[in-house]
Protein chains: 4
Amino acid sequence: MQKKNHLVPRKLPCQERSRVTVAAIYEAASQVFTRNGYSSTTTDLIAERAGVSIGTLYQYFPSKDAILVGLWENHFLQARALVEGLIREIEGLRFVDREVVARVIRRALQANMEDRVQHRLFVGDIPWPQAVIEKELELGRFIKSRLEDVFRRAPNLRVRNPRVAAHVAYGSVYALIHEYILYWTTEVGMDEFIREVTDMLVRYVFTGEERVVPAERFEAEGARA
Amino acid sequence: MQKKNHLVPRKLPCQERSRVTVAAIYEAASQVFTRNGYSSTTTDLIAERAGVSIGTLYQYFPSKDAILVGLWENHFLQARALVEGLIREIEGLRFVDREVVARVIRRALQANMEDRVQHRLFVGDIPWPQAVIEKELELGRFIKSRLEDVFRRAPNLRVRNPRVAAHVAYGSVYALIHEYILYWTTEVGMDEFIREVTDMLVRYVFTGEERVVPAERFEAEGARA
Amino acid sequence: MQKKNHLVPRKLPCQERSRVTVAAIYEAASQVFTRNGYSSTTTDLIAERAGVSIGTLYQYFPSKDAILVGLWENHFLQARALVEGLIREIEGLRFVDREVVARVIRRALQANMEDRVQHRLFVGDIPWPQAVIEKELELGRFIKSRLEDVFRRAPNLRVRNPRVAAHVAYGSVYALIHEYILYWTTEVGMDEFIREVTDMLVRYVFTGEERVVPAERFEAEGARA
Amino acid sequence: MQKKNHLVPRKLPCQERSRVTVAAIYEAASQVFTRNGYSSTTTDLIAERAGVSIGTLYQYFPSKDAILVGLWENHFLQARALVEGLIREIEGLRFVDREVVARVIRRALQANMEDRVQHRLFVGDIPWPQAVIEKELELGRFIKSRLEDVFRRAPNLRVRNPRVAAHVAYGSVYALIHEYILYWTTEVGMDEFIREVTDMLVRYVFTGEERVVPAERFEAEGARA
DNA sequence: AATGAATGAGGCTTCATTCAT
DNA sequence: CATGAATGAAGCCTCATTCAT
């Protein structure tokens, strides 16, 4: 077993100096985790890269896992913020067309490239703490359920089964973005990539008009008509 | 580095008894690797699960890595056989239509479900031996280049850039199949899943007619018309 | 083969505490190596004898071999210092007579008794790192070539072949000293031992006068005569 | 602890075939022991070299040590036979002079070269079974006591202390022979080597006449004189 | 707070030996 | 008798973590 609180950062850095230290540790950790994988990374190496002693590292993090969890927490917060921002934005629109889809994909891609550190990390054989897995799955479920809503309520889509389509749409885009960042960056231009993914997605879900009207607005406008 | 022959099986089992032993080790290894991930799996655990002593395990495998490589070799051979079979089959057809695509996806899905053991395994942060990485990438490249050929030569497709489209098409289907096997099996029926993926792919690459005529035949038939 | 730096001490102790630790490890190692031989000595045993944990041992030495090499390095340095001291001393003399020979043997004996630890150690079937072997041979060659010089240039010696005689003289004295220290200490008094070895050596190389005049001085004095 | 009879060959080979097998094992063992040292030699390797299975090896030898002991036993028997032969021969002589000494040294050298295999083996860090050590020491003591006798009873020698002189004489010759065989063979011719060693020994123990008359004869002849 | 020396459980691997065939 | 598969104790070494300074 593990002691309690083995996964949350040990103390909040309240002085300026400490905050710098913690940041350095996170930075170092994400570098070496990314380069070597989680299990091949030693805490000594992280400390060294961060320019602090191993003792100092353990003042802020109660375990190696805690560093990973902290890193992941950041990732999760950012990801959720992004998703929520995008959703809010879309809901403000009159309709969703090709351009909107392309924009969303571009935003997701950019966000993921910014902390490209996370990619190798949140994939793989690390025996994650269950709590982390739960949250990760929850994020996915959240996004997929929002997608499903859209698919279900927009009348001019041609998906057969909104739930499955949400899985498929989210799953492919998610995977393609990661693949792109990890392996294709040098071979394929970003604009080209986005255009193709957009093509795929749009052709998959849109009817010929290539435009989606969300349910509420559809009803509102339909009533008017 | 490592002594030579640290990755190839140490001795070929020549008695019947030992062939059983080796099989048991592979079976046990794929189970525990799958469940715990590579680095959290100990050789002791593999041996125990296989019902043999640790010494016996090391009579056939010179290292923990070698077991993984052996497992991977199987996977690679099967995967390549599958791909080559499918390609040969397709090349024998007069044209590729929705049904053909669906059939191919189903075959790939089934093949991957049969050794579902491989999934968690061949993804992740394991520091793979370089040779293995190369072969894995090669397999991917092989498949993608075949796809690209199809995209490039079939005139009635609407992909903008055959190379990118090959990446995108292969990448999504590959990822979706793995996601499905790992996470969605209980939620989503197989037929439904295949139908959706087929929809996505067909709408992505086909023109309205939803049928692809390979270049050679197209020319041949086109000439007749 | 082996990773680089598998033979050199891993980190230099920079606190006082750790210098003590390293010394304790060396001391313990030389005791148990001496008592049990190299291959029968476990690193656990060394650590226990040194009163430190196995982890501590490996903070300073990257491998079992490295401990041995470190021990040997000390031995080598001391031995060379001794030899060079003796040579310098002899070269300052007007001539070499029985007393000088006896004194040299006594000094060599004493030096070897001080770190008697080394005796069992630097004999035997340990598969030494090649570098170590080279240096050990080099030390021997160095001493023998100095001896050969003396034999060759001193005119009033009666050795037939200076090179062979150097081998023989050095070889016997070296072996006798080790034998004495290892096995005869309790049976044979030190003075008696030295007297006999001196007898042997002197009678072997000196003419009746039992005195050797080095070439330069001989010529110088001979010229005067 | 060890089971009883862990050191003696398990069964006497009574059939012709078995005798061949045992001989092959001894031959293989002495080769690999010599090349790699005792502790780096595995029983598997011995068996392989001998062309038999490991199971067969253990039918004739109850342990790895037992092989070594068996090998050593041969060595011991040969050595003692040699010594006794030489002694008997010397005792038949009227006196011992330079030629006799040279002849003895040559015989010892040749005998040791014949099974040069033994050299690396019977030196070193092997944790020998106590019984073996005892017998080895006994052989040395036996030879030395015979030498001491000679030194004590021959009146025309000039050794100060016969016991110490026996140690010194035997110790140097023994060591020189081994050194020669192991390291000097290519550099120094055998005849030259023998001449020098003889020089050393003769000058050490003989008076000017370079001839020793054994006590009995001395008395006998002295009485006559 | 920071440092880095110390800890020790536990992982991978070897190899002498046994035993079923 | 021969074979070689199986055994498991024990060795070397790593690395997450603690603690004295």
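In what follows, every chain begins at residue 1, and chains take the letters A, B, ... in the order their sequences are listed.
For E:dA1, there is no paired base (Watson-Crick or G-U wobble, both distances below 3.5 Å). Nucleotide E:dA20 forms a Watson-Crick or G-U wobble pair with F:dT3, both donor-acceptor distances falling under 3.5 Å. With a cut-off of 3.5 Å on both pairing distances, the Watson-Crick or G-U wobble partner of E:dG8 is F:dC15.
Where B:Ile54 and A:Ile54 meet DNA chain E, the nucleotide closest to each residue was compared, and A:Ile54 sits on the side nearer the 5' end.
The shortest side-chain heavy-atom distance between B:Phe76 and B:Val69 does not fall under the 4.5 Å cut-off. Counting heavy atoms from C-beta on, the side chains of B:Val22 and B:Arg19 never come closer than 4.5 Å.
Among the heavy atoms of the strands lying under 4.0 Å from D:Thr42 are primed sugar atoms or P, OP1, OP2 only; no base atom is included.
The nucleotide whose nearest atom lies closest to any side-chain atom of C:Tyr58 is, among E:dT17, F:dC1, F:dT14, F:dT14.
Across all non-hydrogen atoms, the minimal contact from B:Leu57 to B:Thr43 is CD1-O, 3.8 Å.
A ring-ring contact (aromatic ring centres under 6.0 Å, His included) with A:Tyr26 holds for exactly one of A:Phe61, A:Phe33, A:Trp72; it is A:Phe61.
Counting to the nearest Å, the C1' atom of F:dT14 and the CG atom of C:Leu57 are 13 Å from each other. Going from atom CG of C:Asp44 over to atom C1' of E:dT7 covers 13 Å, rounded to whole Å.
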